[in-house]
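All remarks here apply to the structure that follows.
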Amino acid sequence: MKKTDARPKYALLEEKWQKRWEKKKVFASPEGKGKKYYVLEMFPYPSGSGLHMGHAFNYAVGDILARYMRMKGHRVLYPMGYDSFGLPAENAAIKEKSHPMKFTESAIKNFIAQQKKIGLSYDWSRIVMTHKPEYYRWNQFFFLKFLEKGLAYRKKSSVNWCPKCDSVLANEQVIKGKCWRHTDTNVEIRQLEQWFLKITDYVEELLDKVDGLDWPEKIKTMQKNWIGKSYGTEIDFEIGNERWPIFTTRADTIYGVTFMVVSAQHPSLMKLVTDKQKKEVMEFLKKIKSVSEKEMETLEKEGVFTGSYAKNPVTNEKVPVYAGNFVVSDYGSGMVMAVPGHDQRDYEFAKKYGLSVKVVIKPEDYELDEEKITEAYEGDGITVSSGQFSDMKNRKAIEKITHYLEKKKLGNKTVQYRLKDWLISRQRYWGTPIPIVYCDKCGIVSVPEKELPIILPDKVKFGKGNPLETNMEFVNVKCPKCKGKARRETDTMDTFFDSSWYYLRYCDNENRKEPFARKKVDYWMPVDQYIGGAEHACLHLLYARFFTKALRDLGFVEFDEPFLKLFNQGMLHGPDGFVMSKSRGNVVLPEVVSEKYGMDTARLFLVSTASTDKDTEWSENGIEGSLKFVNKVMGYFTGFKATKSGGVDKKIESKINKTIKEVSEDVENFRYNLAIIKIRNLFDKMSEEKVSRKEAEIFLKLLHPFCPHITEELWEKIGNKSFISIAKWPEADESKINIEYEKEDEVMEKTIGDVNNVLKIFKEKEKSASKLYLYVMPNEKTIYASNLGEIEKRTGLKTIVFAVNDKDKHDPEKKSSKAKPGKPGIYLE
RNA sequence: GCGGGAGUGCCGGAGUGGUCAAACGGGUCAGCCUUAGGAGCUGAUAGCUUAGUGCUUACAUAGGUUCGAAUCCUAUCUCCCGCACCA
């Protein structure tokens, strides 16, 4: 019962300050002179369930930094907004027979209220919501600009289709063959005509500039892998009378090709299938389609002969062409040359279908016997049985063979990327309408800029298919060019389009004439510190980088990279050990925690258990400790009496300056947990000594980023009229830091420890003592004397200090002879 | 399979060549205060040993480098995360 009574005390206080901050616009961030600092958290998708402790943790991390930077004297831009378009709102609305608009706006309201309760120092006047026409009209605007520039295009191709989303997905949204939102739903491949953004135009820059970013290595590696650059050779094989290009990184093994494999999903597969083989191939295709999800992971390599033969361009040998389930259709050209001697997958396939294995590379230090090998040799070595290319290092052979092919116009050196163009069409309602009209006469026609925004109509029927198609007023339009009958594009944009530039809109969120004023963006951008989870490594973070580069080339911005520094805060796990999420049902709500302990306690606790970049499991086991500390601080300042000036304690002064220095460094490096330890430590020292008002204020300032509400309250209580939120962060005076004091403390600790140890032994022997005699070096006498109170308190003994050379000291057992510098003789009685 | 990260005391976790039996918090135990305490304060919390000492064993496991390792190297095991039949 007792534990829960923190709420009334702190709730009122929190509310009071939150209101004052808002009323006085303490966190407004106008442009101006002085250094700017842009702290940004990935804006949330406003889900109906509101935010939980995991979000609170994320935002607390940013808020602490923002508050620190503000006090440091920077002009801090710290905004919040909502990624409010998207499928979940649409689905939830359908389920609850509501409208996504209604659903979303109430969710946002709820989010804002919750975030305000956490005490986050956002400049709310800069709010951005992507579902508002004032925002998404600029999506449409940018889309048209991209189209003009050739960065947006429409193409029919195999696309990922999620049957549960009822929509296509970008490659980045397909995870292990499943939909990112529906992890139990297999993504299907469909041939559709869709809108793409040419992210591949920037593939080289996206790859190159990753290295220069101050981002976690992990994220950088993930992006690089996603882009997946590999060097190789494109080689034409003749099948029938047609040339079929394939991609390989191992041109050196071309003499070892014994068959070819084309992807079973290859769009032109049937061209290769002879009449005789048709039946067999069809059966095979049917079979691999029915493979369940589970089997996908351990799938055996399977295939079927197509009936065709391919001519090896170097050897002129004819090898059979198989259709196989292990060849990826959309990488390279969807067909591979198979070299079972030097590729394990090909080897397995060859063994299964009785195809021959040829060794054309042999290791330098041992022999390979074609007949006896049990696996492919994938390493480097010397080429053998390779005609004019025999007897050379295989790496060299790659060059030679490629060169030979280039000369004969049968192939060329190429680079392959895994990255594909970004598919942005979605067959769903709750998103930005794509500003395009299809005219029978004129074809694809852009909506003129001055007609923007194309407003997403309210009235649609949800059910099967794309809801926008049910609103005829929306669909049926006049062609902007010929004024004839035309049909509006009903696909909407991927919401990652929205989140690709929201950070720019914060800089000038109310601009009605343009997406943002160049001047303002120049002032604030790039983002100095971006904070968010790692799950966006290959999604949002990649798209946003691409967008920035595209906008740069369109003349909208001047910089290359949007986010200079990225910090991945750890995931907060629920009490059950799993990542906290509504769907798992293990969420802990900030309101509940705040009610029990107060928000400052919760904030303090969240960032003090572990380093903020590590995953943490939520448990209230330790929160009592934070509450105790907050209570102690409150108590201390309630009865605070400053010493009159002149009574400055050098020791405290040293400690304070050291703490300022270290806490500043810790905060700047997200070592909040360590900063808090040092703040607590300082507090312990301060509460033992006499402290001036200035010193007390420094303590409050150090604590403020973590516990903004109580520090405002106490700041006011000790006589300040302004806000501590915008007070100046203390500067450490390093000349005042004296390590001698620390040593003194250590000596004192050691002595107290020794005394307690003796006491313990006394107790075991059932002896008792009430007096402590310390025999110290003459020059140390004052140090011990000044710490007498401390010693008495912590040992519970009446203490008398003698210098070893005091003549009339009480020393019946001659313990004074044991004394050394920093280590007094001890006698108990 | 590839890539990234991690394994520390009863627990959460600091610490990345000596100042380490290891910060800080939690828990537990003991003492004080007290009518009582779930509040506060003090101490203890690897083992043995001792009037404040000394020793042994410890930072996943096994080796190694070093005057010296939780910290560096090698191998192994375990866990987490990302990618995954990319030719």
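These numbers come from the heavy atoms of this one structure, side chains and all, not from hydrogens, waters or symmetry mates. Reminder, nothing fancy here: chain letters follow the sequence lines and each chain counts from 1.
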[X] [atom1] to [N] [atom2], straight-line distance once rounded to whole Å:
X         : N      : atom1 : atom2 : answer
Asn756(A) : A44(B) : CG    : P     : 6 Å
Leu797(A) : G43(B) : CG    : C1'   : 12 Å
Phe349(A) : A87(B) : CZ    : P     : 19 Å

request  = Mind checking Arg794(A) for me? I need base, sugar-phosphate or nothing, with any heavy atom below 4.0 Å counting as a touch.
outcome  =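 Sugar-phosphate contact only.
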| Checking all strands, does Val339(A) fall into the base, sugar-phosphate, or nothing category for heavy-atom contacts under 4.0 angstrom? |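 Nothing, no nucleic acid heavy atom in range.
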When you compare [N] with [M], how far apart are their [atom1] atoms, in angstrom units rounded to a whole number?
N      : M      : atom1 : answer
U53(B) : G64(B) : P     : 34 Å
G7(B)  : G43(B) : P     : 31 Å
A6(B)  : G15(B) : P     : 11 Å
G40(B) : A46(B) : C1'   : 30 Å
A70(B) : U57(B) : P     : 13 Å
U19(B) : G38(B) : P     : 39 Å
A30(B) : A39(B) : P     : 15 Å
C33(B) : U42(B) : P     : 15 Å

Lys/Arg N to Asp/Glu carboxylate O, [X] vs [Y], below 4.0 Å:
X         : Y         : answer
Glu749(A) : Arg794(A) : yes
Asp684(A) : Arg680(A) : no
Lys678(A) : Asp666(A) : yes

Closest to the Phe326(A) side chain, choosing from C83(B), C85(B), G4(B):
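Of the options given, the side chain of Phe326(A) lies nearest C85(B).
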Can you tell me which stems RNA chain B forms, taking runs of 3 or more consecutive Watson-Crick or G-U pairs with both distances under 3.5 Å?
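Ordered by first number, the stems with RNA chain B (at least 3 consecutive pairs each) read B:1-7 with B:77-83, B:10-12 with B:24-26, B:27-32 with B:40-45, B:46-48 with B:54-56, B:60-64 with B:72-76.
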*Are the ring centres of Phe683(A) and Phe699(A) closer than 6.0 Å?*
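They qualify: ring centres under 6.0 Å apart.
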| request: Measure from the ring center of Phe349(A) to the ring center of Phe259(A) and say whether it is less than 6.0 Å. | output: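 Yes - the distance between ring centres of Phe349(A) and Phe259(A) falls below the 6.0 Å cut-off.
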Any side-chain N or O of Ser230(A) less than 4.0 Å from the OP1 or OP2 oxygen of A87(B)?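 Affirmative; the distance criterion is met.
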* Asked: If only side-chain N and O atoms of Lys632(A) are considered, is one of them under 4.0 Å from the OP1 or OP2 phosphate oxygen of C41(B)?
  ->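 So the side chain of Lys632(A) is within the cut-off, an N or O lying under 4.0 Å from OP1 or OP2 of C41(B).
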**Message:** Thr402(A): which residues meet the side chain to side chain donor-acceptor pair (under 3.5 Å) condition with it, sequence neighbours left out?
**Reply:**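 Thr402(A) satisfies side chain to side chain donor-acceptor pair (under 3.5 Å) with Thr233(A) only.
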For Glu744(A), salt bridge (charged side-chain N to carboxylate O under 4.0 Å, His left out) partners two or more places apart: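 Per chain and number, Glu744(A) pairs via salt bridge (charged side-chain N to carboxylate O under 4.0 Å, His left out) with Lys651(A).
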_Please give me the minimum heavy-atom distance between Ile676(A) and Ser608(A), naming the atom from each residue._
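Nearest heavy atoms, Ile676(A) then Ser608(A): CD1-CB, 3.6 Å.
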### Query
What's the shortest heavy-atom distance between Glu378(A) and Gln344(A), and which atoms?
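It is OE2-N, 2.8 Å.
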**Report entry** Val667(A) and Val663(A), any side-chain heavy atoms less than 4.5 Å apart
**Finding:**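 A side-chain contact exists here, since the closest heavy-atom pair is under 4.5 Å.
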Is the closest side-chain heavy-atom distance between Tyr775(A) and Lys815(A) below 4.5 Å?
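Answer yes - side chains close enough.
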Counting primed atoms, P, OP1 and OP2 as sugar-phosphate and everything else as base, the B/S/- map of nucleotides 8-27 of chain B against protein heavy atoms under 4.0 Å is -----SS--------BSSS-
With sugar-phosphate taken as primed atoms, P, OP1 and OP2 and all else as base, the protein-contact string of nucleotides 49-55 of chain B at under 4.0 Å (heavy atoms; B, S, -) is -BBBS--
**Asked** Would you say Arg418(A)'s side chain and Ser230(A)'s backbone share a donor-acceptor pair under 3.5 angstrom?
**Response**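 Between the backbone of Ser230(A) and the side chain of Arg418(A) there is no qualifying donor-acceptor contact (under 3.5 Å).
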- Message: Is there a side chain to side chain donor-acceptor pair (under 3.5 Å) between Tyr10(A) and Asn631(A)? Walk through the geometry before answering.
- Response: CA-CA 10 Å; Tyr10(A) 292 118; Asn631(A) 283 338; 2.6 Å; yes
Return the polar atom pairs (N/O with N/O) between nucleotides 29-33 of chain B and the protein under 3.5 Å, or none.
from	atom 1	to	atom 2	distance (Å)
A30(B)	O2'	Lys763(A)	NZ	3.2

